[in-house]
Amino acid sequence: MIHKYTIAELSQGLSNGDFSSVEVTQYYLDRMQQFNPQLNCYITQCNEHALAQAKAADDLRAKGQAQGITGIPIAQKDLFCTKDIKTSCGSKMLDNFISPYNATVVERCNDAGMVMLGKLNMDEFAMGSSNENSHYGPVKNPWDMTRVPGGSSGGSAAAVAARLAPCATGTDTGGSIRQPAALTGLTGLKPTYGRVSRFGMVAFASSLDQGGPLTQTAEDAALVLTIIAGHDPKDSTSMKQEVPDYSTTLNDSIHGKTIGIPKEYFTNALDPEVGDTIHTAIKAFEKLGANIKSISLPNTHLAVPVYYVIAPAEASSNLSRFDGVRYGYRCENPKDLLDLYKRTRAEGFGEEVKRRILIGTYALSAGYYDAYYLKAQQVRHLIRDDFIKAFNEVDVILGPTAPTTAFKLGEKMNDPVSMYLSDLYTINVNLAGLPSLALPSGFVNDLPVGLQLIGKDFDEATLLNLGHQYQQVTDWHRQIPTAFDKGEAA
Ligand code: GLN
């Protein structure tokens, strides 16, 4: 039952010689073949490539050159560029796009000897909260196939929740690692802006996008973050800040740590039953020795409106490169250059992406720039200042990740504003650039609920420490949806 193992356990098994990387990889490839048609979480499966990497990892191990994570399979969200393997970004626009280089995150996984199982489904250009905006069709939530897995990293979340990969990457611009992690019972880490290189990540909103891991446990997130984090000369926004070995502080006592509970996170926007599980989790942290303090983040309510000016503005600029000339989709038989641009973009982009481009172009246009974009940037500062003030009194902040459990497929598709509100508790963290860790914290009506811990700049270590300690006294992260908890003994 290899799928029950965390990556820490797989790593132990590999180093004990209980199984080889080729065996583990083949086991996952078989599960992908068996279960992916129901879930639709993979866009591309990389069988041959994965087995070759696994064989190379086994050879390294035989020579005594393996690191802990060598030979562990991972799946990549399909917006991390992969050399010679399609990178679609969930869009018809890039359905034919093969990158000539690897994203830095992919390169670092390769350098550590990890095995890439495939590329994961996602909302087109990472715009969405339900994974229903993909050119490749919606992803299903393994806990209830009539529901969404969250988005935009919905393929990543469904794949790890159903154990079609032991871990995956995602990206989080306004919540897209944490919200799907919460809706599928996973641990998801959005690092500090600048902690993980964005080189080779197809850009959505450049001042907000950040890549990170979706895993079963905080311990696994620590293992993955340790290898993918760090300065990258190819990304001028990546920070020259040393990367600690995040595994070494997981077992520190959390006694005396102060956890702030923002009152703005517990209003009637929050499903009361979801709220109950968060309160139970707060008690667990108290039992572990943490002090709990009520705090206020008064500008929380401004985060969603500010985000929906800034993110579309940046997206409209980033997506101008898809013009049918350089790469990606090109319309057939264009009459002239203008017709080429117009029809390529009209045919290549989906509805939500077009909506964002229109909003963004409007917000940046002469005469409106000051009223919208500039104003939004000013309010963004106020939102960050709320956090800075709070962190004078507390070490971390705890709240729900999403206001509800997973909603039904189709439920919010015709109501963009209600879809946007799924990220009510996550978006302000991106606007402030802070790290945040989503942790499974219970179930409501058999659907997973997640809490999130928000940390100071570059203090992922404290979040992972708290997360790991919480996971020593709970077993939510060990739950696997019944339909997917089967497989041969290895
Ligand atoms: N759901 C948000 C949006 O649609 C956030 C997406 C993300 O984090 N990539 O923009």
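All residue numbers in this chain count up from 1 along the given sequence. Numbering of ligands and ligand atoms starts at 1, following listing order. Atom set for the values below is all heavy atoms of this structure, side chains included, hydrogens, waters and symmetry mates excluded.
- A side-chain donor-acceptor contact under 3.5 Å links Arg31 to the backbone of Phe484.
- Here's the thing with Phe204: none of its N/O atoms is less than 3.5 angstrom from an N/O atom of ligand 1.
- Remark: ligand 1 and Asp172 share no N or O pair separated by less than 3.5 Å (distance only, no angle test).
- The number of heavy-atom neighbours closer than 6.0 Å to OH of Tyr372, taken from other residues, nucleotides and ligands shown, is 12 or below.
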- Message: Using side-chain contact (heavy atoms from CB on, under 4.5 Å), reason through Lys190 and Asn430 one step at a time and then give a plain yes or no.
- Response: CA-CA 9 Å; Lys190 177 234 173 276; Asn430 299 75; 3.5 Å; yes

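- Just one residue in the list Thr171, Thr87, Asn121 forms a side-chain hydrogen bond (donor to acceptor under 3.5 Å, both in side chains) with Lys77, and that residue is Thr171.
- The aromatic ring centres of Phe97 and Phe322 sit 6.0 Å or more apart.
- Shown in contact with Met127 at under 4.0 Å from a heavy atom are these atoms of ligand 1, numbered in order with element: 4 (O).
- Ligand-side atoms of ligand 1 in range of Gly128: 1 (N), 2 (C), 3 (C), 4 (O), 6 (C), range being under 4.0 angstrom from any heavy atom.
- Side-chain contact of Asp209 with Thr173: a donor-acceptor pair under 3.5 Å is present, judged by distance alone.
- Of all non-hydrogen atoms in Gly155 and Cys41, the two that sit nearest each other are O-CB, 3.4 Å.
- Side chains of Glu314 and Ser206: no donor on one and acceptor on the other come within 3.5 Å.
- Residue Ala126 has at least one heavy-atom neighbour below 4.0 Å for each of these atoms of ligand 1: 6 (C), 7 (C), 9 (N).
- Remark: distances from the non-hydrogen atoms of Gly175 to ligand 1 include one below 4.0 Å.
- His381 is not listed as a side-chain neighbour of Gln378, based on a closest heavy-atom distance of 4.5 Å or more.
- At a heavy-atom cutoff of 4.0 Å, ligand 1 is contacted by no atom of Phe125, backbone or side chain.
- Near Tyr308, with a cut-off below 4.0 Å to any heavy atom, the atoms of ligand 1 are 2 (C), 3 (C), 4 (O), 10 (O).
- Where the criterion is an N or O separation shorter than 3.5 Å, residue side chain and backbone included, Tyr307 meets it with respect to ligand 1.
- Nearest protein neighbour of atom 6 (C) of ligand 1, counting heavy atoms only, is Ser176 OG, 2.9 Å.
- Among residue pairs with one or both ends in residues 192-235, those qualifying as ring pair (Phe, Tyr, Trp, His ring centres under 6.0 Å) are Tyr101-Phe199; sequence neighbours excluded.
- Contact annotation for Met122 and ligand 1: no heavy atom of the residue comes within less than 4.0 Å of the ligand.
- Distances between N or O atoms of Thr171 and those of ligand 1 include no value under 3.5 Å.
- The shortest N or O to N or O distance between Gly151 and ligand 1 is not below 3.5 Å.
- Within the 4.0 Å heavy-atom cutoff, Glu352 does not count among the residues contacting ligand 1.
- For Asp423, every heavy-atom contact with ligand 1 shorter than 4.0 Å involves the side chain, none the backbone.
- Heavy atoms of Ser152 found under 4.0 angstrom from ligand 1 belong exclusively to the side chain.
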